[in-house]
Amino acid sequence: MKVVIAEKPSVARDLAKVFGKTTKKDGYIEGPGYSFTWAFGHLVQLAPPEVYGFKGWRVENLPMLPERFKLAVRQQKTASGTSDDPGVVKQLNIIKKLFDEATEIIVATDAGREGELIFRYIYYHLKCKKPFKRLWISSQTDEAIKNGFRNLKPGTEYDTLFFSAQCRSESDWIVGLNATQALSIAAGNRAVLSLGRVQTPTLAMICFRYLENKNFKPQIYFQVAIYLNKDDVGFRALSIKNFKDEETALEVLKKVRDVASGDAAGGLIQNVEVKPRKEQPPLLHDLSSLQQEANKRKGFTADQTLSLAQTLYESKLITYPRTGSRYIGEDVLAGIPQLIENLEHHPLFGKQASFLKTAKLNKRSVNAAKVTDHHALLPTENVPSGLSPDLQAVYDLIAGRMLEAFHQECIKELTKITIESGSLFVANGTVIQSPGWRSVFNQKDDEKEDEDNATLPKVSKDESLPIEKKEVLEKQTKPKALYNEASLLKAMETSGKEIEDEELRQAMKNSGLGTPATRASIIETLIKRDYIKREKKLLLPTEKGLAVYELVKDKKIAQAELTGLWEKRLEDIRTGGSVAEFKNEIREYTRTITSELLEAGRGLSGLIAEPEPEEGAVICPHCKKGALRFGDKAVSCNGYQRGCSFVIWRTMSGKQLTDSQIMELIEKGRTSVLKGFKSKAGNSFDASLLLADGKVHFVFAPRTEEAKQ
DNA sequence: GCAAGGTC
């Protein structure tokens with residue numbers, strides 16, 4: 001029997017379908033001659049530092065540079081700490097059993113670097129030795145799948161891809177964990193001050209923009225506006241020049257031949273320029289553009305949108321959401337007319353669907369070469385009903401975008417009228433002649449220029465019009481806007497470089513910060529660390545975030561370019577370049593940044609405030625701070641983290657345990673230490689949570705002999 | 001108690 005392993009259940013199902021009759025089993029699907037199993041993303045990952053004996057967060061451990069990395073089962077967090085995720089363990093056992101029985105292993109994880117890593121980590125963790133073949137497809141249509149199975153590649157052809165993936169993974173571990181511990185320890189170990197290749201440049205972007213905005217000195221300038229009229233259609237024209245001081249503007253104003261100054265038609269039309277402009281429809285959505293749109297229109301956070309999209313995906317209403325491509329291939333295009341027809345009764349854009357059914361489809365979003373692991377977001381053939389408003393909103397953004405993307409161009413007419421009246425003035429106007437794709441949502445332009453006239457009358461050269469009013473306008477230059485989630489996601493895609501052009505932005509994506517699947521969680525991490533906060537729609541740095549930024553802003557770890565540099569090297573490795581060289585450089589860099597941060601981070605200690613104890617929290621009598629909560633089951637003093645040399649204890653019932661009672665429980669083996677450890681010195685503990693007689697006790701005890709005195 | 005990456 002051949003065993004096929006996919007990255008996720010949905011792909012395994014798609015593959016199995018092609019082979020005809022299949023039976024669903026626990027954790028895999030059985031078909032004729034094949035079994036199809038799956039992972040759920042990374043089931044196996046790099047082991048945490050403790051596994052190498054790096055206990056606690058201590059200077060002596062740094063830098064942590066494992067010679068050979070170890071793998072561990074993905075962890076889950078529970079009230080009593082972290083442990084192997086039972087769902088993952090179960091699936092790994094199923095995979096192991098299938099691999100053991102297999103005559104051939106076929107790797108069908110996503111066709112990309114991380115897909116390769118997902119499989120290899122599982123394979124090496126299970127100590128499997130069987131050779132494997134690789135299925136490499138970028139589309140899940142029956143034809144593509146069949147073709148892929150006819151053209152399986154030897155697994156070894158992807159060894160260098162694995163090496164590059166492994167380097168990415170290990171380098172993020174080494175740099176991220178060491179930098180995080182170094183900064184946190186230096187600042188007094190009172191809070192986690194995390195740093196990483198992606199999160200720190202992201203924080204830097206937010207802080208830089210915030211400071212730039214705050215320190216912006218607006219320049220005041222003046223413009224002269226005149227108001228003309230023809231056939232009862234009024235419009236406004238502005239002086240071509242801006243003026244630094246009001247006096248000059250007033251002089252220009254004075255020369256304007258308005259009606260009040262006795263000139264019945266003092267505005268001489270010097271020139272009329274009419275230009276048509278075609279506006280292509282937007283591309284189909286990828287996750288990032290969906291998140292941006294949902295943030296702009298509905299105020300959803302990136303994280304909310306991802307989770308709503310995941311729900312729609314699990315309900316089989318939309319295609320795979322964590323895609324980074326905004327294109328589809330010809331094969332998918334074949335199914336689009338049906339998808340459009342399905343929307344005919346949609347209350348918002350049923351009409352447009354009906355129209356599009358008979359129109360020629362715009363092929364701008366069709367480009368198989370730009371489809372990577374997954375194609376752009378589309379609705380599926382299933383028609384939803386009774387969705388919650390939020391789910392419906394996200395569904396509508398995806399379905400509506402599909403209509404837009406295949407719709408016709410929007411044709412606009414740009415008119416520019418130049419008027420002479422003492423000096424030169426210009427009136428701009430935009431008229432939509434054929435809305436095309438814009439009729440789907442009937443949305444105005446994003447950047448509506450306030451200098452534009454909604455309507456302009458027909459005027460001709462050398463005509464003279466009355467000027468009904470004139471005035472001096474005082475204006476200010478504006479700073480760049482603070483980031484919100486939409487603009488931050490956009491900036492992350494292009495490493496902070498501002499690129500308006502959609503296609504150019506697509507091209508830059510490969511060197512962007514993070515991936516579509518991880519950006520939302522990066523933002524959430526920065527919030528969790530108290531580096532940034534949401535204020536209405538804006539993302540603003542906190543004091544802590546700014547302090548960390550100040551400290552690291554000139555270091556490589558805060559530069560978006562670091563990712564670009566790594567990517568270049570990883571690509572070298574994929575094509576056969578030296579792995580050892582890159583690894584050595586990363587280690588060397590880690591040594592440098594670790595010692596720099598240990599030194600520099602000391603300046604932060606005063607800035608990291610203690611969190612206020614929560615309402616009803618247990619207060620440690622020694623350090624007078626609130627104890628940590630483990631769900632509703634347990635609390636524990638976190639004294640050793642904040643320099644309190646005592647760890648305190650209380651049982652659930654309020655009964656105090658003495659040191660000797662604790663020792664007795666441990667010695668009798670009736671207690672298991674869930675967190676921390678007991679030292680050989682007897683009553684010296686690092687433990688904070690004990691289980692005895694099936695009851696949870698919170699035990700606070702002196703950590704060392706010295707502390708007891 | 002840490003990274004970034006994947007996905008339920």
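Letters A, B, ... are given to chains in the order of the sequence lines, protein chains preceding strands, and every chain is numbered from 1. Remember, it's a predicted structure, so these values are computed and weren't measured experimentally.
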Could you work out which one of [options] sits closest to the side chain of [X]?
X         : options                : answer
Asp110(A) : dC2(B), dA4(B), dT7(B) : dT7(B)
Tyr320(A) : dG6(B), dC2(B), dA3(B) : dG6(B)
Arg74(A)  : dC2(B), dC8(B), dG6(B) : dG6(B)

Quiz item: Are OP1 or OP2 of dT7(B) and a side-chain N or O of Arg322(A) less than 4.0 angstrom apart?
Solution: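 Yes, because at least one side-chain N or O of Arg322(A) sits under 4.0 Å from OP1 or OP2 of dT7(B).
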
Self-check item: Ser169(A) side chain near dA4(B) phosphate (N/O to OP1/OP2, under 4.0 Å)
Solution: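 Looking at the OP1 and OP2 atoms of dA4(B), neither is under 4.0 Å from any side-chain N or O of Ser169(A).
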
Quiz item: Quick one: Asn189(A) CG to dC2(B) P, roughly how many Å, whole number?
Solution: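 Taking atom P of dC2(B) as the reference, CG of Asn189(A) is at 12 Å.
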
Exercise. Please report, rounded to the nearest Å, how far the C1' atom of dT7(B) is from the CD1 atom of Ile95(A).
Key: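 Distance, rounded to whole Å: 13 Å.
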
Self-check item: Donor-acceptor contact below 3.5 Å, side chain Ser315(A) vs main chain Leu317(A)
Solution: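 The answer is no, because no donor-acceptor pair under 3.5 Å joins these two groups.
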
Quiz item: By ring-ring contact (aromatic ring centres under 6.0 Å, His included), which residues pair with Trp57(A), not counting sequence neighbours?
Solution: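 Once residues adjacent in sequence are excluded, Trp57(A) has no partner under the ring-ring contact (aromatic ring centres under 6.0 Å, His included) criterion.
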
Quiz prompt | For Phe300(A), ring-ring contact (aromatic ring centres under 6.0 Å, His included) partners two or more places apart | solution =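 Testing Phe300(A) for ring-ring contact (aromatic ring centres under 6.0 Å, His included), a comparison that skips the adjacent residues, returns none.
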
Quiz item: Heavy atoms under 4.0 Å, any strand shown: does Leu43(A) hit a base, just sugar-phosphate, or nothing?
Solution: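 Touches nothing.
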
Exercise. Using heavy atoms to find the nearest nucleotide of DNA chain B for Glu314(A) and Lys77(A) separately, return the residue whose nucleotide is more 5′.
Key: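 Result of the comparison: Lys77(A).
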
Self-check item: Nearest-nucleotide comparison on DNA chain B, the residue closer to the 5′ end among Ser10(A) and His42(A)
Solution: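 Final value for this comparison: His42(A).
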
